[in-house]
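Below: the structure, in structure tokens.
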Amino acid sequence: MKVVHMIDSEGMYGAEYVLYNLLPCLRKIGIDAMLACLSPTDSAGADLGRGLEKKCVPVVYLDEKKKISLRGLLSIYRTLRSCHADILHVHGYKATILGGMVARATGVPFISTYHAEAGKYPELSTYVRIETPFLREAARIIAVSKVIKDDLTKRGIPEGKITVIHNGIEDPIRHALEDGGLECENEAYVRILCVGRLIPVKRFDLVVRAYSVLRKEFDDMYLTIAGAGPLETELRSMVRKYGLGDSVNLPGYVSDTAILFRQADIFVLPSESEGSPVALIEAMAYGKPIVASAVGAIPEMTTGNAGAQLIAPCNLEQLIDALRRFIADPSYRRKSGKLARKRFESCFTAETMAARYGEQYETCLRGAR
């Protein structure tokens, strides 16, 4: 079975990490998975392809700079023909639109994974309207949370086509031990970590505000917000305004966040909207206590005492209280981290995710036949 995954990437973020973990696992279970990268080869969008090549996953770079173009359509058509694809698996609105057009011409069935609630990104509303008819024609749709599935059905996508599969990742602790061990955490500080694009919906501004309050109670703290985006300048201005100095680190886009997770003591995800966030799964995998907004799939993912304190979105006081409890009680942090790690092992491994994707491919091909 040959499955071509296609994405237009801007760097290693949520959907990219899903593919980075999924494709090697699919190949291990006998599915010939490859990546078609629409992004320009000289951009951060090609990082996913370069990472997968190191894992011996075949990658084709289509180098499509425009949103939609005849050149892009022809490149996809030729790729599907030359590699004798059985299924085209698309990720994101651009890949869905272009892939949906080409699927009609080639007769190759296509599957789409939907990674976020479309209604939470009004700037993409035009593309959402364009992609909806193509989603209706997809053989299968994978939603990474029940919330996203509900959102898709409201857009007129037949419920019977949609399956919820939570994201998963390879076990980073196991791989780190195989490579020679884990770095020790720095016990001199309580290290708080945020990872994600610096965009309004992530609400990292709330973390800076909460941190500025807690710094008056706890001296030995350190905050890292890793990611790039349009709000970087605003966040740096906030750090200066509150006089936080070198205790706050904004390193920009970080392609490999492993060392950040290993050294962190608390992981924070205060978003207004999320799908099935990979960064949250990484925090669980590294056994970190979590403070997160109760949005998207997060309540589903952390159910059953998974070492997380959930807060209402945009609620600064709840964020401060949740962080204060973890900062003040090292024993509670360690206990919560162990619960998070246990939840990861039972629900969010890449192997579990790949097996469920494989079931969808079999269903898709049976329907095509």
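- Under the rule for a side chain to side chain donor-acceptor pair (under 3.5 Å), the partners of E53 that lie at least two apart in sequence or sit in another chain are Y61.
- One side chain, Q360 or R140, offers a donor N or O that lies under 3.5 Å from an acceptor on the other.
- Proximity of V208 to L244: side-chain heavy atoms (C-beta onward) are separated by under 4.5 Å at one or more points.
- For R104, the salt bridge (Lys or Arg N to Asp or Glu O under 4.0 Å) partners at least two apart in sequence or on another chain are E137.
- Considering every non-hydrogen atom in both I311 and A322, the closest pair reads CG2-CB, 4.2 Å.
- A distance of 14.0 Å separates OH in Y127 from OG1 in T96, rounded to the nearest 0.5 Å.
- Salt-bridge formation is detected for the pair E131/R155: a Lys NZ or Arg NE/NH1/NH2 atom is positioned less than 4.0 Å from an Asp or Glu carboxylate oxygen.
- The nearest pair of heavy atoms linking L223 to C194 is CD1-SG, 4.4 Å.
- The closest donor-acceptor contact from the side chain of D8 to the backbone of A95 lies at 3.5 Å or more, if one exists at all.
- The shortest side-chain heavy-atom distance between R356 and H166 does not fall under the 4.5 Å cut-off.
- Closest approach of L316 and A210 over heavy atoms only: CD1-N, 3.8 Å.
- In this structure a side-chain-to-backbone donor-acceptor pair under 3.5 Å is missing from T303 to E300.
- Taking the side-chain contact (heavy atoms from CB on, under 4.5 Å) definition, one finds that P58 meets it with R27, M34, sequence neighbours left out.
- A chain of hydrophobic side-chain contacts below 4.5 Å, direct or via other Ile, Leu, Val, Met, Phe, Trp or Tyr residues, connects I165 to I169.
- Under a cutoff of 6.0 Å and an axis angle of 45°, K288 and F261 do not form a cation-pi pair.
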Under the side chain to side chain contact (heavy atoms under 4.5 Å, CB included) rule, what do E274 and H115 come out as? Steps first, then yes or no, please. CA-CA 9 Å; E274 284 288 349; H115 296 270; over 6 Å; no
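- Cluster membership for I298 and V147, using ILVMFWY side-chain heavy atoms within less than 4.5 angstrom, is not shared.
- Side chains of Y242 and R209 form a contact here, defined as non-hydrogen atoms less than 4.5 Å apart.
- At least one side-chain heavy atom of E159 sits less than 4.5 Å from a side-chain heavy atom of K149.
- Between V4 and I87 the shortest side-chain heavy-atom distance does not fall below 4.5 Å.
- Looking at every heavy atom in both residues, F134 comes nearest to F110 through O-CZ, 3.0 Å.
- For K146, the salt bridge (Lys or Arg N to Asp or Glu O under 4.0 Å) test picks out D150, with sequence neighbours left out.
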Using the rule given for ring pair (Phe, Tyr, Trp, His ring centres under 6.0 Å), can you reason through Y189 versus F218, listing the C-alpha separation, both sets of side-chain angles and the distance that settles it, and then say yes or no? CA-CA 10 Å; Y189 295 91; F218 305 96; over 10 Å; no
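- By the side chain to side chain donor-acceptor pair (under 3.5 Å) test, E217 pairs with R324, sequence neighbours left out.
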Stepwise side chain to side chain contact (heavy atoms under 4.5 Å, CB included) test for L193 and I225: CA-CA 6 Å; L193 176 64; I225 304 176; over 6 Å; no
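- Here the straight-line distance linking atom CG of L48 with atom OH of Y20 works out to 9.5 Å at 0.5 Å rounding.
- With sequence neighbours left out, K161 forms a salt bridge (Lys or Arg N to Asp or Glu O under 4.0 Å) with no residue at all.
- Checked by atom type and distance alone, the side chain of R341 pairs as donor or acceptor with a backbone atom of A285 at under 3.5 Å.
- Alongside L70, the hydrophobic cluster contains L74 (criterion: ILVMFWY side chains under 4.5 Å).
- In terms of modelled atom types and a separation under 3.5 Å, the side chain of T349 and the main chain of E345 share no donor-acceptor contact.
- Interatomic distance, CG of L319 versus CG of L206, reported as 6.5 Å (0.5 Å rounding).
- Listed for the D63 side chain is a donor-acceptor partner under 3.5 Å among the backbone atoms of T41.
- A salt bridge does not link K2 to D86: none of the charged side-chain nitrogens sits closer than 4.0 Å to a carboxylate oxygen.
- Using a 4.5 Å cut-off between side-chain heavy atoms of Ile, Leu, Val, Met, Phe, Trp and Tyr, with links allowed through other members, V164 and M353 fall into different hydrophobic clusters.
- Heavy atoms only, all atoms of each residue included: F348 and N167 are closest at CD2-O, 3.4 Å.
- Between E16 and D47 there is no side-chain heavy-atom pair separated by less than 4.5 Å.
- Hydrophobic clustering, with ILVMFWY side chains joined whenever heavy atoms are under 4.5 angstrom apart, groups V57 together with V18.
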Determine, stepwise, if the pair H91 / S112 fulfils side chain to side chain contact (heavy atoms under 4.5 Å, CB included). CA-CA 6 Å; H91 305 260; S112 175; over 6 Å; no
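- Here the straight-line distance linking atom CG of L35 with atom CG of L22 works out to 11.0 Å at 0.5 Å rounding.
- Atom CG of D42 is surrounded by more than 12 heavy atoms from other residues, nucleotides or ligands within 6.0 Å.
- Distance CG/L250 to CZ/R236: 4.5 Å, rounded to 0.5 Å.
- Put simply, CG on L152 and CD1 on I162 are 4.5 Å apart, with the number rounded to the nearest 0.5 Å.
- In this view, Y357 and H89 satisfy the ring-ring contact (aromatic ring centres under 6.0 Å, His included) rule, not counting sequence neighbours.
- L52 is listed as a side-chain neighbour of P24, based on a closest heavy-atom distance under 4.5 Å.
- A ring-centre distance under 6.0 Å is not found for F204 and Y211.
- For A258, the side-chain contact (heavy atoms from CB on, under 4.5 Å) criterion is met by D256, R262, Y286, not counting sequence neighbours.
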Pairs under 3.5 angstrom only: tabulate donor-acceptor contacts from the side chains of residues 329-336 to other protein residues two or more places apart or in another chain.
residue, atom, partner, partner atom, Å
D329, OD1, S331, N, 3.2
D329, OD1, Y332, N, 3.1
Y332, OH, R325, NH1, 3.3
R333, NH1, F326, O, 2.8
R333, NH1, I327, O, 3.1
S336, OG, Y332, O, 2.9

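- The side-chain contact (heavy atoms from CB on, under 4.5 Å) search around I29 returns L26, I31, A354, not counting sequence neighbours.
- Cluster annotation: V207 and V190 are assigned to the same hydrophobic cluster (Ile/Leu/Val/Met/Phe/Trp/Tyr, side-chain heavy-atom contacts under 4.5 Å, transitive).
- You'll find the side chain of L310 reaches within 4.5 Å of the side chain of T302, heavy atoms only.
- E10 pairs by the side chain to side chain donor-acceptor pair (under 3.5 Å) definition with R197, not counting sequence neighbours.
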Take L88 and M6 through the test side chain to side chain contact (heavy atoms under 4.5 Å, CB included) and record every step on the way to the result. CA-CA 7 Å; L88 173 63; M6 187 165 67; 4.2 Å; yes
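- Of the possible donor and acceptor atoms, one in the side chain of T363 sits under 3.5 Å from a partner among the backbone N and O of E359.
- The shortest non-hydrogen separation linking V254 to Y17 is O-OH, 4.3 Å.
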